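I have a structure here, written as structure tokens, and I will follow up with some questions on it.
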Protein chains: 2
Amino acid sequence: MDKKEEILKTALKLFVEFGFHATPTSKIAKEAGVANGTLFHYFKTKEELILVLYSQTKTRLTEYMYTNASKDESLELVFKTIYTNTIEWAQENKTEFYFIQQFSTSPFYGLISPEEINKQAKPHLDFLRDGIKAAVIKPMPVDLLYTLINSHIAGINQYLSSQEFSTAKQKKIINESFQLLWDMIT
Amino acid sequence: MDKKEEILKTALKLFVEFGFHATPTSKIAKEAGVANGTLFHYFKTKEELILVLYSQTKTRLTEYMYTNASKDESLELVFKTIYTNTIEWAQENKTEFYFIQQFSTSPFYGLISPEEINKQAKPHLDFLRDGIKAAVIKPMPVDLLYTLINSHIAGINQYLSSQEFSTAKQKKIINESFQLLWDMIT
DNA sequence: ATATTTGTAGACTGATTAGTCAATCATTAT
DNA sequence: ATAATGATTGACTAATCAGTCTACAAATAT
């Protein structure tokens with residue numbers, strides 16, 4: 001399954017660089033070093049390729065978010081770990097993160113089933129509900145909370161990507177902006 | 001200049017509904033009720049049409065943001081007016097707002113000159129700098145502040161668009177989320 | 001009135017596109 | 001060994017695309 005991976009990897013890169021509109025399948029195949037037909041062997045249509053790419057990438061991010069977030073710790077610490085993980089992943093996988101955003105604000109997003117969207121969001125919403133029940137997080141609609149947190153993270157990430165920061169400086173920004181967010185929601 | 005407006009209006013709608021990749025100029029012309037050649041009379045290329053559409057729409061939003069934000073009022077009140085204006089505009093011009101987001105997270109955004117980006121952001125950054133000087137807003141990089149505020153607004157707007165709220169409920173959400181943001185940055 | 005520019009039309013084109021197909025090649029199962 | 005299955009190829013096609021061109025109409029200037 002080496003070629004399939006190569007196609008996905010190349011497609012991701014080209015979509016981010018040139019956009020969906022200006023990335024022909026022929027270019028993807030060529031740059032991936034496979035024949036035209038091979039692409040369509042693995043993906044029935046260009047659209048399917050795009051959708052698979054999104055689901056896969058989004059899943060990878062979601063999985064990474066919860067690494068080392070052991071439930072034994074305090075709610076704040078777990079939340080901070082998830083927060084930090086997310087920004088770290090975004091910084092280390094800029095193309096992937098940008099692709100997720102590009103996809104999410106495109107008409108393609110409407111093709112993702114509500115089930116899949118809910119499935120992706122569920123762990124986060126559950127976590128926030130726990131936080132409210134424990135009277136740590138302010139009582140408000142979890143959907144609103146979730147959107148607010150996501151937007152905040154997107155913002156921080158945009159800022160971190162806009163300039164070159166040293167690792168130390170970067171850590172400082174992440175810590176401080178976490179505190180802003182945490183104070184806002186608790 | 002009726003037809004030019006019609007082309008822009010139709011293009012906006014179609015780009016949001018189908019995306020850049022799946023909106024041929026022929027479809028825009030047809031739905032706008034003009035001939036194919038007319039579109040290219042007003043816009044040299046499809047790309048130019050897209051760029052003009054963005055600049056125009058972004059300018060309209062920026063102008064609307066400052067309506068009734070008289071500098072005589074307190075900083076908080078001015079900021080709240082701008083905040084409320086923005087969300088109101090976004091809610092009343094959902095297609096336009098969505099287009100701005102779609103464009104901003106697409107490779108087309110890279111074609112906007114730094115001058116134009118700075119020009120659009122300048123009034124906002126100046127305002128924030130004043131707020132910091134007046135010791136009202138927390139001292140931090142204005143770029144970070146700006147990004148954070150923008151993201152917050154995008155989030156609230158997304159939430160407001162996700163469900164149908166009554167006008168009263170909507171106002172309540174806007175007020176409360178403003179308070180969250182204001183507390184966060186002051 | 002006449003000339004000039006500007007707006008509008010839509011048929012047309014050359015290039016490009018997504019996707020197909022028939023034919024090999026590689027791998028695994030029998 | 002032989003059969004069967006899946007992977008891979010690249011030439012091919014039918015459709016579509018952005019953009020051109022010629023012609024004419026309307027408005028404006030001289």
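The chains referred to below are lettered A, B, ... by the order of the sequence lines, with proteins before strands, and numbering in each begins at 1. Bear in mind that the values here come from a model prediction, so they are computed numbers and not experimental data.
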Item to check | Separation of atom NE2 in B/H21 from atom C1' in C/dT16, rounded to whole Å | outcome: 17 Å
Item to check | Residues from residues 24-36 of chain B lying under 4.0 Å of DNA chain C - heavy atoms | outcome: B/V34, B/A35, B/N36
Checklist entry - When the aromatic ring centroids of B/Y54 and B/F99 are compared, is their separation below 6.0 Å? => result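 For B/Y54 and B/F99, the ring centres are not under 6.0 Å apart.
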Next on the checklist: For A/F103 and A/F15, I'd like to know if the aromatic rings sit close, meaning centre-to-centre distance below 6.0 Å.
Outcome noted: no
Checklist entry - So with a 6.0 Å cut-off around NZ of A/K138, is the heavy-atom count from everything else above 12? => result yes
Item to check | Sub-6.0 Å ring centroid separation between A/F127 and A/Y66 | outcome: no
Checklist entry - Going from CE on B/M140 to CG on B/L145, what distance comes out if it is rounded to the nearest 0.5 angstrom? => result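 Separation between the atoms: 4.5 Å.
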Next on the checklist: Can you pull out the residues from residues 43-55 of chain A that lie within a 4.0 Å heavy-atom distance of DNA chain C?
Outcome noted: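 By residue number: A/T45, A/K46.
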Checklist entry - How many Å lie between OH on B/Y42 and P on D/dG19, as a whole number? => result 18 Å
Checklist entry - Would you say C/dG7 has OP1 or OP2 under 4.0 Å from some side-chain N or O of B/K4? => result no
Checklist entry - B/F108 and A/H21: ring pair (Phe, Tyr, Trp, His ring centres under 6.0 Å), yes or no, with the steps? => result CA-CA 11 Å; B/F108 283 113; A/H21 63 288; 4.6 Å; yes
Could you list, one pair per line, each protein nitrogen or oxygen that sits under 3.5 Å from a nitrogen or oxygen of nucleotides 22-28 of chain D, together with the distance?
none

Item to check | B/D2 CG to C/dT6 P, straight-line distance once rounded to whole Å | outcome: 20 Å
Next on the checklist: Is the phosphate of C/dG7 approached by B/H41 (side-chain N or O, under 4.0 Å from OP1 or OP2)?
Outcome noted: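 Yes, because at least one side-chain N or O of B/H41 sits under 4.0 Å from OP1 or OP2 of C/dG7.
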Next on the checklist: If I take atom CZ in residue A/F40 and atom P in nucleotide D/dG6, what distance separates them, rounded to the nearest angstrom?
Outcome noted: 21 Å
Next on the checklist: List the residues meeting salt bridge (charged side-chain N to carboxylate O under 4.0 Å, His left out) with B/K58, not counting sequence neighbours, and say none if there are none.
Outcome noted: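 Listed in chain order: nothing, the list is empty.
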Checklist entry - Any side-chain N or O of A/T38 less than 4.0 Å from the OP1 or OP2 oxygen of D/dA7? => result no
Item to check | With sequence neighbours excluded, residues passing side chain to side chain contact (heavy atoms under 4.5 Å, CB included) with A/E164 | outcome: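 Residues passing side chain to side chain contact (heavy atoms under 4.5 Å, CB included) with A/E164: none at all.
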Checklist entry - Between B/K3 and B/E6, does a salt bridge (charged side-chain N to carboxylate O under 4.0 Å, His left out) hold up when you go through it step by step? => result CA-CA 5 Å; B/K3 304 230 164 180; B/E6 200 61 40; over 6 Å; no
Checklist entry - Any chance NZ of B/K94 has more than 12 other-residue heavy atoms, nucleotides or ligands included, within less than 6.0 Å? => result yes
Next on the checklist: Suppose we screen for salt bridge (charged side-chain N to carboxylate O under 4.0 Å, His left out). Which residues come up paired with A/R60, at least two apart in sequence or across chains?
Outcome noted: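 So A/R60 forms no salt bridge (charged side-chain N to carboxylate O under 4.0 Å, His left out) with any residue.
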